[in-house]
Protein chains: 2
Amino acid sequence: MSDDDSAVARERVIESMEQSAEVYGLSRSAGRIYGVLYFASDPLSIPELVDETGYAKSTVSNVTRTLSRVGLIHRRSSTGGGRRVRFEAEREVWFILQDVFQQYIQREVQTTLRTIRRAEEQVPEDAREQEPIQNLRETYEDLEEIVQLASEYSAAELREALETYEQ
Amino acid sequence: MSDDDSAVARERVIESMEQSAEVYGLSRSAGRIYGVLYFASDPLSIPELVDETGYAKSTVSNVTRTLSRVGLIHRRSSTGGGRRVRFEAEREVWFILQDVFQQYIQREVQTTLRTIRRAEEQVPEDAREQEPIQNLRETYEDLEEIVQLASEYSAAELREALETYEQ
DNA sequence: TGGTTTGTTCGGATTGAGCCGAACAAACAG
DNA sequence: CTGTTTGTTCGGCTCAATCCGAACAAACCA
């Protein structure tokens, strides 16, 4: 029966999202809730998400908050200013990856670079520590530039930039 | 006193490595042990690492194993085939990042892509699930190609590829 | 107004990761 | 051969994350 096939396929993809969520530093429940919203044809409320996922109301409440903060889903304050809140998935996966990129990698690279630079200023000229710190700084400067540029391109542009390089 | 300054600078960088380790899915102890080895002028044995880091012998043993597996440090079986093992840091940070890239991101992208493709084959032609799965697949195909190409370039090459694109 | 639905917040149970110390195994030194 | 050094493995402790249920607050409905 084709309905079954659809359901199975959908479940497979959602399970895959659960796993991906862990890689991105989120919980499995976050992956599942995002997945359910990704396949939903309309925005869902918290009770509906409770039905679909089997998680407790409190869990759904907390997870939707973090997912909204990170930009994976969007809060649609219900029409009429009512209390009922609905959530919609951000379906442009590339946007999500860019966000994660910026919020995690870029921040990480920048703070690391700042620390390295301060350390490099502090270390005496002839110290044994000077060279390794300098090497570290140079790599991270490359990295900062790469991450900066990469975050500005779309997936297709990025792909093309890499494919056409080295003529 | 310049020795102090060196020590402080070194400690700052190592603390930064502790933090970075967490981002890469490793423990803080892994970051510190790598850091100590990164600054060491010679390869260090487990007892020496215990002295330098303050961690228990068992912790150092376990952490060095995982760090070796991931390629962050190298096991130097002692001269003469003795039992004593020494560890040396991989100091080409870009190599490390490439490895992490390949072992985590690339693997993750590929397994996800495989799951998506299987799901896409299974889902009926006219099902509501078809389009979102197809979108997902297309993004991940771009992503796979990007990650593949990026992992083959050096930091400088990658930087240049992005900088010269679309001038 | 009183009852129902929705969403948030709190405390607690469960689980897993990280680290430790002790026991063990293997190599070496005397 | 005996004692020491080195490295691994095992069980246990602690802490943090995840999730749950209950209590609460806010909006809606009759």
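Reminder, nothing fancy here: chain letters follow the sequence lines and each chain counts from 1. Keep in mind it's a predicted model, so treat the numbers as computed, not measured.
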- Item | Main-chain N/O of B:Tyr55 paired with B:Thr59 side-chain donor or acceptor, under 3.5 Å |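 Not at all, since once roles are kept as given, no pair shorter than 3.5 Å links the two residues.
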- Task: Please tell me which of B:Lys57 and B:Asn62 maps to the more 5' nucleotide of DNA chain C, matching each residue to the nucleotide holding its nearest heavy atom.
- Result: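 Here B:Asn62 is the residue nearer the 5' end.
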Using whole Å, what does the distance between atom [atom2] of nucleotide [N] and atom [atom1] of [X] come to?
X	N	atom1	atom2	result
A:Leu26	D:dC19	CG	C1'	15 Å
B:Arg28	C:dC19	CZ	P	9 Å
B:Leu67	C:dG18	CG	P	12 Å
A:Glu22	C:dT15	CD	P	16 Å
A:Tyr55	D:dA17	OH	C1'	13 Å
B:Arg75	D:dG7	CZ	C1'	8 Å
B:Glu48	D:dG7	CD	P	9 Å
B:Arg84	D:dT5	CZ	C1'	8 Å

Are any of [X]'s side-chain N or O atoms less than 4.0 Å away from OP1 or OP2 of [N]?
X	N	answer
A:Ser29	D:dT18	no
A:Ser58	C:dC10	no
A:Arg65	C:dT9	yes
B:Ser61	D:dG7	no

- Cationic N near anionic O, under 4.0 Å, B:Glu88 to B:Arg75: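 A salt bridge is absent here (no side-chain N lies under 4.0 Å from a carboxylate O).
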- Any ion pair linking B:Glu121 and B:Arg117 (charged N to carboxylate O, less than 4.0 Å)?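 B:Glu121 and B:Arg117: not salt-bridged.
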- Query: For A:Gln134, does the CD atom sit with more than 12 other heavy atoms under 6.0 Å from it, leaving out its own atoms?
  - Reply: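 Atom CD in A:Gln134 is packed in, count exceeds 12.
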- A:Glu131, CD: over 12 other non-hydrogen atoms inside 6.0 angstrom: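 At most 12 heavy atoms, drawn from other residues, nucleotides or ligands, come within 6.0 Å of this atom.
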- Message: What's A:Ser27 touching, base or sugar-phosphate or nothing? Going by heavy atoms closer than 4.0 Å.
- Response: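 The residue A:Ser27 makes sugar-phosphate contact but no base contact.
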